[in-house]
Amino acid sequence: MTSIVSVRDLKKSYAGGFEALSGVNLEIEKGEILALLGPNGAGKTTLISTICGISIPTSGTVRVGGHDVVTDFRAARNLIGLVPQEINLEPFETVMNTVRFSRGLFGKPRNDALIDQILKDLSLHDKRDSKIMMLSGGMKRRVLIAKALSHEPSILFLDEPTAGVDVELRKDMWDVVAKLKASGVTIILTTHYIEEAEAIADRVGIISKGSILLVEKKEDLMQRMGKKRLRIELSTPISELPQELADRGLEIAADGNALIHDYDTRSDRTGITALLKDLQNAGLKMTDLETQQSSLEDIFVDLVRETS
Amino acid sequence: MNFMAIASIYRFEMARFFRTITQSLVSPVLSTSLYFVVFGAAIGSRIDEVEGVSYGAFIVPGLIMLTVMTQATSNASFGIYFPKFIGTIYELLSAPISFIEVVIGYVGAAATKALFIGLVILATSFFFVDIQIAHPIAMISFLVLTCVSFALLGFIIGIWAGNFEQLQLIPLLVITPLVFLGGSFYSISMLPTVWQNITLFNPVVYLISGFRWAFFDTADVPVAISLFAIGLFTAMCLGVIWWIFKTGWRIRQ
């Protein structure tokens, strides 16, 4: 895979001295969907703003399609479509005019057929001549997407695309993203809905306090999430594992009152039946069973906590 | 140069003008007509002639300048302030356009609107007074230059303004008094000598004088000085805009 966006040692400090990005390194691969997860104020929007040209980097470089975003900004920005987090639209303009305007800003000749198609894909076509102020919040958000797509970008940044959007619309939005990916568009989205990242991303990046903590394939993360922990409460505490249970991968809990067994829910055999049988054979009396699944949320929370 | 982007900004801004055509056009025409009635007919009947021109005709260039300067400034300042206010500025910052293209688009549209209004006022004045234009090309040139330079000033105000109040502040507190005291409704030769000298520090004097020369072939100050003054003013505005462009002041963090 070749990277289409390359961020090196990117730092961004604001006038007040606040460092929003402290040395970000990130390679975004062509054609992927990358979800950037992070708590509020982690630097997600600043990172996107700096890649897209809204903020000037304090130091470090950002290359988009091989073009530096500062020195060769025209070539870099030509490739990018940006959907901002806030609903920023001219209220008195019609949908069609405002989307046309966006296309023009990117130096592309007028192409109403293309814009009509984009509006159809976003279920906005019947509103093409409506004024923005007449639209619902969800529709306005889709107008922002239409504007970003109007110049046929090869990279699309979606900053919190489904914040404050109802469940149904969120699913529609995911379908739109999937279609775009199928057409070859690279998509970077920020979110703090973990299920959103799980549902659509190829890779997940976790950002906190201006640093990227990890960027990993979603499957690898899911692998970690697939781990489940079985806790077996015992009626009498033990200090040592019985012989027949030695190779079962069991751990004795700190107080000796329970046994802990980690297993993978995705494998064909979890070995739980055999384990319970062995426990019975070893003469151990169980009072309770409890299972816990580690989620992306746990991984996320652990990581964020570790760094703070 | 991204010409398509300039055209897009220009068209988008002009669309706003035509959408609000009533307030864009009717109010300046109405207020100008009122000036004609009050100054031209009521007061003008008591004043015979100023520098060989009937008073009604004499105030026409001043009235046009008054409107054109305020319109160019307010249109340009609003044009760039509004995207800042509603947040659509993100689009200008993330598009493959440089600040120069943004300036040409917004200033061009604001200047066009002001020019249009100026010409409508000129046409309206033909209904009230009999005027001849001695130097039509110079008249149009002065008008266009004034529209552009004050639109540049308006653009700077729009970038600077942090709220709607500040947006109104300079047009209200600086431009209107300067225009009123710049000889819109009188010849500065009518003032006592001390005030004549003080008035020479008012840049608007040169613009109105030059513009009036284009109509009546008489001027308070030599035309060359008028041209130099408007050139200097335009250059100063361009200088400030260049600095804003270099530093990203109040636009790009």
Side-chain angles (χ1 to χ4, degrees), chain A residues 12-16 20 45-46 48-58 64 67 69-70 72-94 97-98 100-110 131-133 144 147-148 150-151 153 157 159, chain B residues 1-24 75 78-106 108-109 158-159 162 164 244-253:
Chain A
K12 174 68 193 174
S13 306
Y14 288 107
T45 301
T46 305
I48 288 190
S49 298
T50 315
I51 298 173
C52 296
I54 294 169
S55 296
I56 306 163
T58 307
V64 177
H67 309 286
V69 294
V70 177
D72 195 7
F73 71 93
R74 284 182 206 264
R77 290 185 204 164
N78 259 326
L79 300 172
I80 299 176
L82 168 65
V83 181
Q85 189 174 341
E86 307 286 331
I87 296 180
N88 300 322
L89 289 164
E90 167 105 33
F92 311 111
E93 261 304 341
T94 64
N97 276 347
T98 188
R100 246 185 226 143
F101 174 66
S102 303
R103 184 174 168 83
L105 279 184
F106 279 77
K108 295 278 173 83
R110 189 166 156 170
K131 285 193 174 161
I132 303 280
M133 57 197 260
L144 287 174
K147 281 165 80 72
S150 65
H151 67 277
F157 284 89
D159 197 358
Chain B
M1 194 64 107
N2 186 342
F3 291 105
M4 206 74 84
I6 297 174
S8 279
I9 295 171
Y10 185 85
R11 264 202 306 271
F12 203 69
E13 281 303 296
M14 291 310 284
R16 193 203 311 285
F17 178 64
F18 288 112
R19 205 167 43 225
T20 54
I21 191 82
T22 321
Q23 69 185 67
S24 297
N75 278 319
F78 184 81
I80 190 66
Y81 178 72
F82 195 56
K84 267 174 53 184
F85 178 70
I86 60 170
T88 52
I89 187 102
Y90 85 88
E91 218 179 351
L92 295 172
L93 299 178
S94 59
I97 49 174
S98 84
F99 193 64
I100 297 162
E101 286 138 3
V102 175
V103 172
I104 297 174
Y106 280 100
I159 294 281
F164 276 101
I244 293 174
F245 169 59
K246 278 284 155 204
T247 58
W249 183 68
R250 297 216 168 172
I251 9 175
R252 218 185 282 273
Q253 287 179 307

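On a predicted model such as this, the values are computed, not experimentally measured, just so you know. In what follows, chains are A, B, ... by sequence order, proteins preceding strands, each numbered from 1. Just so it is clear, the values below take in all heavy atoms, side chains as well, and ignore hydrogens, waters and symmetry mates.
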| query | What is the distance from atom OG of Ser98(B) to atom CZ of Phe73(A), rounded to the nearest 0.5 Å? | reply | 5.0 Å
| query | Are the side chain of Arg74(A) and the backbone N or O of Met1(B) linked by a donor-acceptor pair below 3.5 Å? | reply | no
| request: Go through the atoms of Lys12(A) and report whether side chain, backbone, both or neither lie under 4.5 Å from a heavy atom of chain B. | output: side chain
| Can you tell me how far OG1 of Thr247(B) sits from CD1 of Ile56(A), rounded to the nearest 0.5 angstrom? | 8.5 Å
| field | Chi angles and distances behind the side chain to side chain contact (heavy atoms under 4.5 Å, CB included) call for Ile86(B), Asn88(A) | value | CA-CA 6 Å; Ile86(B) 60 170; Asn88(A) 300 322; over 6 Å; no
| query | Checking Phe82(B) against chain A: side chain, backbone, both or neither under 4.5 Å from a heavy atom? | reply | side chain
| By a 4.5 Å heavy-atom criterion (distance strictly below it), what part of Tyr14(A) contacts chain B: side chain, backbone, both, or neither? | side chain
| task | Step by step, work out the side chain to side chain contact (heavy atoms under 4.5 Å, CB included) result for Phe106(A) and Asn2(B). | result | CA-CA 8 Å; Phe106(A) 279 77; Asn2(B) 186 342; 5.8 Å; no
| remark: So OG of Ser94(B) and CG of Leu105(A): to nearest 0.5 Å the spacing works out to 8.5 Å
| query | Atom CZ of Arg77(A) and atom CG of Leu93(B): how far apart are they, to the nearest 0.5 Å? | reply | 7.5 Å
| Between Lys108(A), Arg100(A), His151(A), which has the largest tally of heavy atom pairs under 4.5 Å with chain B? | Lys108(A)
| side chain to side chain contact (heavy atoms under 4.5 Å, CB included) assessment of Phe12(B) paired with Glu93(A) | CA-CA 9 Å; Phe12(B) 203 69; Glu93(A) 261 304 341; 3.3 Å; yes
| remark: The reported gap from CD in Gln85(A) to OH in Tyr90(B) (rounded to nearest 0.5 angstrom) is 12.5 Å
| Under 4.5 Å from a heavy atom of chain B, the part of Ile80(A) involved | neither
| request: Considering only heavy atoms, give the residues of residues 15-22 of chain B separated from chain A by less than 4.5 Å, sorted numerically, with 'none' for an empty result. | output: Ala15(B), Arg16(B), Arg19(B)
| query | Checking heavy atoms, do the side chain of Glu90(A), its backbone, both or neither come under 4.5 Å from chain B? | reply | both
| In terms of heavy-atom pairs under 4.5 Å, which option from Gly104(A), Pro109(A), Ser102(A) contacts chain B the most? | Gly104(A)
